[in-house]
Protein chains: 2
Amino acid sequence: MFSKACEYGIRAAIYIGQQSADSGRRVGLRDIATEVGSPEAFTAKVLQQLVRAGLVTSVKGPTGGFTLTPEQLRTVTLRQVVLAIDGGQMLQGCALGLTQCSAKQPCPLHYQFLPIRDQLNEVLRTHTIGELAGKVHDGLGFLRQFS
Amino acid sequence: MFSKACEYGIRAAIYIGQQSADSGRRVGLRDIATEVGSPEAFTAKVLQQLVRAGLVTSVKGPTGGFTLTPEQLRTVTLRQVVLAIDGGQMLQGCALGLTQCSAKQPCPLHYQFLPIRDQLNEVLRTHTIGELAGKVHDGLGFLRQFS
DNA sequence: TTATTACCGGATGATTTTGTCCGGTATCTG
DNA sequence: CAGATACCGGACAAAATCATCCGGTAATAA
């Protein structure tokens, strides 16, 4: 569905959001990677993308780390995170890989996939990181395996 | 959404199906790759997977090529093609990459993605290659770009 | 100011996916 | 039977993705 980078990015963003909403405190890379079950260095790369896109805030130095501002918690959607990391291929590309697939020249699956893609876009558009973070905070969702 | 291999495989299967239904004639690899806009040698690999899975029939030698039997035209679904090439990751895996994501320990997106995945499975399960081939035959669907 | 902390950025490497090449083999035609 | 055709299968190569390493830099704390 999404790339590994995007999976890590979403999980990391939600974890950062949870900690930010919880106590306003910043979380370090090591902490994030541990809690989310992702490779540390690779996660750093992904987070840099999110920071550059303005979806996550970072602070250098001691007591530094990553955080989501109240505004980011409220406004950043899943869709923005996915777009920043994976681009729009999954969200708008043709299911059969045709570069110009439209009502004018549809692939044989065009109309079958329209509602699926619409629903996917809807889910990504209507869920904020802050909302998902709340779900994790309430024990209604998990970001890694617990064995 | 799907891998390149899978995109090529679906397009190729539909084209073979269209020619088979049309006149029962077999189509060669070169012909398929041209009509579907895919790399020839790579498409051969993908088609071999479909032949081994029993979803497409191949005949060697002169006048040989690929074909779909009437039974294959009637029964082979898109879902079978996708499973043969990409496996079940897209159809059942967790959107956030958790290896054990279930109602018992759901990711924060688990319930949001359930209906999407259900709908995707439904579309793949209820459409046969033969049906899609008919759509292409009737000019209601295209398998490559026409510029 | 100085040392430490922790993100930043580029270089590098491993793995998977994508794509090519070519000899082998089955099969049809003459 | 001989020759040509076209799929089969393995080896190989290129590109994208996934992942690591390490020095640089900004910021904090003593």
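Chain A is the first sequence line, chain B the second, and so forth, proteins listed ahead of strands; every chain is numbered from 1. On a predicted model such as this, the values are computed, not experimentally measured, just so you know.
A donor and an acceptor atom, one from each side chain of Thr67(B) and Ser20(B), are located under 3.5 Å apart.
Annotation: the span from Thr63(B) atom OG1 to Arg26(B) atom CZ amounts to 5.0 Å, rounded to 0.5 Å. For the atom pair NE2 (His110(B)) and OG (Ser102(B)), the distance works out to 6.5 Å, reported to the nearest 0.5 Å.
Residues of residues 39-48 of chain B having a heavy atom closer than 4.0 Å to DNA chain C, listed by number: Pro39(B), Ala41(B), Phe42(B), Lys45(B).
For the helix from dT1(C)-dA30(D) to dG30(C)-dC1(D), the rotation axes defined at the first and last 5 base pairs enclose an angle of 10°, given to the nearest 10°.
Rounded to whole Å, atom C1' of dC18(D) lies 18 Å from atom CZ of Phe2(A). Here the P atom of nucleotide dC18(D) and the CD atom of Glu7(A) are 9 Å apart, to the nearest Å. Rounded to an integer number of Å, the gap from CD1 of Ile32(B) to P of dC8(D) is 10 Å. Look at NZ on Lys60(B): it is 6 Å from P on dA26(C), rounded to the nearest Å. Taking atom CD1 of residue Ile16(A) and atom C1' of nucleotide dA6(C), one finds them 14 Å apart after rounding to whole Å. Per the geometry, NZ belonging to Lys4(A) stands 16 Å off C1' belonging to dA14(C), to the nearest Å. For Met1(A) and dT17(D), the CE to P distance is 17 Å, given to the nearest whole Å.
Cluster annotation: Val36(B) and Val136(B) are assigned to the same hydrophobic cluster (Ile/Leu/Val/Met/Phe/Trp/Tyr, side-chain heavy-atom contacts under 4.5 Å, transitive). Hydrophobic clustering (side-chain heavy atoms under 4.5 Å, transitive across Ile, Leu, Val, Met, Phe, Trp, Tyr) groups Leu132(A) together with Val82(A).
Where Ser3(B) and Leu29(A) each meet DNA chain C at their nearest nucleotide, the meeting point lying more 5' is that of Leu29(A). Mapping Pro62(A) and Asp86(A) onto DNA chain D by nearest heavy atom places Asp86(A) at the nucleotide closer to the 5' end. Checking Ala5(A) against Arg26(A), the closest nucleotide of DNA chain D that is more toward the 5' end is the one next to Ala5(A).
Leu120(B) places a side-chain heavy atom less than 4.5 Å from the side chain of Met90(B). Residues Phe66(B) and Val51(B) meet the side-chain proximity criterion, which asks for heavy atoms closer than 4.5 Å.
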Any chance you could lay out the side-chain contact (heavy atoms from CB on, under 4.5 Å) test for Glu35(B) and Leu143(B), step after step, and finish with the verdict? CA-CA 7 Å; Glu35(B) 291 302 317; Leu143(B) 296 174; over 6 Å; no
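A close approach under 4.0 Å does not occur between any side-chain nitrogen or oxygen of Thr63(A) and OP1 or OP2 of dT5(C). An OP1 or OP2 oxygen of dA19(D) is reached within less than 4.0 angstrom by a side-chain nitrogen or oxygen of Tyr8(A). An OP1 or OP2 oxygen of dG9(C) is reached within less than 4.0 angstrom by a side-chain nitrogen or oxygen of Arg52(A).
The only member of Leu50(A), Ile16(A), Leu55(A), Val76(A) that meets side-chain contact (heavy atoms from CB on, under 4.5 Å) when paired with Ile129(A) is Val76(A).
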